[in-house]
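Order of listing sets the numbers, starting from 1, for every ligand and every atom in it. No hydrogens, no waters, no symmetry mates; every other heavy atom, side chains included, goes into these values.
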Amino acid sequence: MALQNGDIKDLDDLFVHTLRDIYYAEKQIAKTLPKMIEKAGEGPLRDAFEHHLEETRDHVKRLEKVFEMHGVEAKAVKCPAIDGIIEEAEYLIGDTATTEVTDAALAAAAQAVEHYEMSRYGTLVTWAQELGRDDCAGVLRETLDEEKEADAKLTQIAEDRLNTRAA
Ligand code: ZN
Ligand code: FE
Ligand code: FE
């Protein structure tokens, strides 16, 4: 990690560090989603991943905008949490035998990613406001809303599968 203990002295430092953490995470997600799209069967899950890949590219750009607005360098710092979530996803997906199980594993992995992002963006919105940066908060909230929508969409897909089976 780029920052040593003690380098984060105030809320502003923490805000910038967390921006760089989620910047790294978004870039890793943008790299991983194409692999998940390839693994997913044709259908709503693949469509949802394709849609969210487009959004994820916007998330990267929005973060670059916030770095610029805040007057700091757009730099990524390694986020061990997202690396772990992705590693776990790759392990799960590598071992599934049927399309149905693969899709269930992919959807579960994707929801873990969305929840990580929701927690980070939720925090960043609050800190931006605390720092008097409502402008930055507004941009970050746009992404937060899209992560929430992506998560809700994945829940919907899982519920539809359940209903199809019960019918
Ligand atoms: Zn995102
Ligand atoms: Fe992190
Ligand atoms: Fe996301």
The Fe ion (ligand 3) to nearest N/O/S of His59 less than 2.8 Å: no
Inter- and intrachain pairs under side chain to side chain donor-acceptor pair (under 3.5 Å), touching residues 149-160, at least two apart: Gln111-Asp151, Gln111-Thr155, His115-Asp151, Gln156-Asp160
Please state whether the separation between the Fe ion (ligand 3) and some N/O/S atom of Glu117 is under 2.8 Å? yes
Could you check Asp145 against Arg141 for side chain to side chain contact (heavy atoms under 4.5 Å, CB included), going step by step and ending with a plain yes or no? CA-CA 6 Å; Asp145 289 344; Arg141 193 179 292 109; 4.1 Å; yes
Hydrophobic clusters here meaning ILVMFWY residues chained together by side-chain heavy-atom distances under 4.5 Å, can you tell me if Val101 and Ile157 are in one? no
Residues 82-89 side chain polar contacts: donor-acceptor under 3.5 Å, at least two apart:
unit_1, atom_1, unit_2, atom_2, d
Asp83, OD1, Tyr24, OH, 3.0
Asp83, OD2, Tyr24, OH, 2.8
Asp83, OD2, Lys78, NZ, 2.6

Residue pairs passing the ring pair (Phe, Tyr, Trp, His ring centres under 6.0 Å) test where at least one lies in residues 53-82, sequence neighbours excluded: Phe15-His70, Tyr23-Phe67, His52-His59
Answer yes or no: are there more than 12 heavy-atom neighbours, outside Glu68 itself, under 6.0 Å from its atom CD? no
By atom name, which N, O or S atom of His52 is the nearest to the Fe ion (ligand 3)? NE2
Does Glu73 offer a backbone N or O that forms a donor-acceptor pair with the side chain of Arg20 under 3.5 Å? yes
Which single N/O/S atom of Glu147 lies at minimum distance from the Fe ion (ligand 3)? OE1
Linking I/L/V/M/F/W/Y whenever their side-chain heavy atoms sit closer than 4.5 Å, directly or via other members, would Leu92 and Tyr116 fall into one cluster? no
Is it true that some N/O/S atom of Glu114, main chain or side chain, lies under 2.8 Å from the Fe ion (ligand 3)? yes
So that I can check it, does any N, O or S atom in Glu26 come closer than 2.8 Å to the Fe ion (ligand 3)? no
Only protein N/O/S atoms count here: give how many lie under 2.8 Å from the Zn ion (ligand 1). 5
Heavy-atom pair of closest approach, residues Ala40 and Asp103: CA-OD1, 3.6 Å
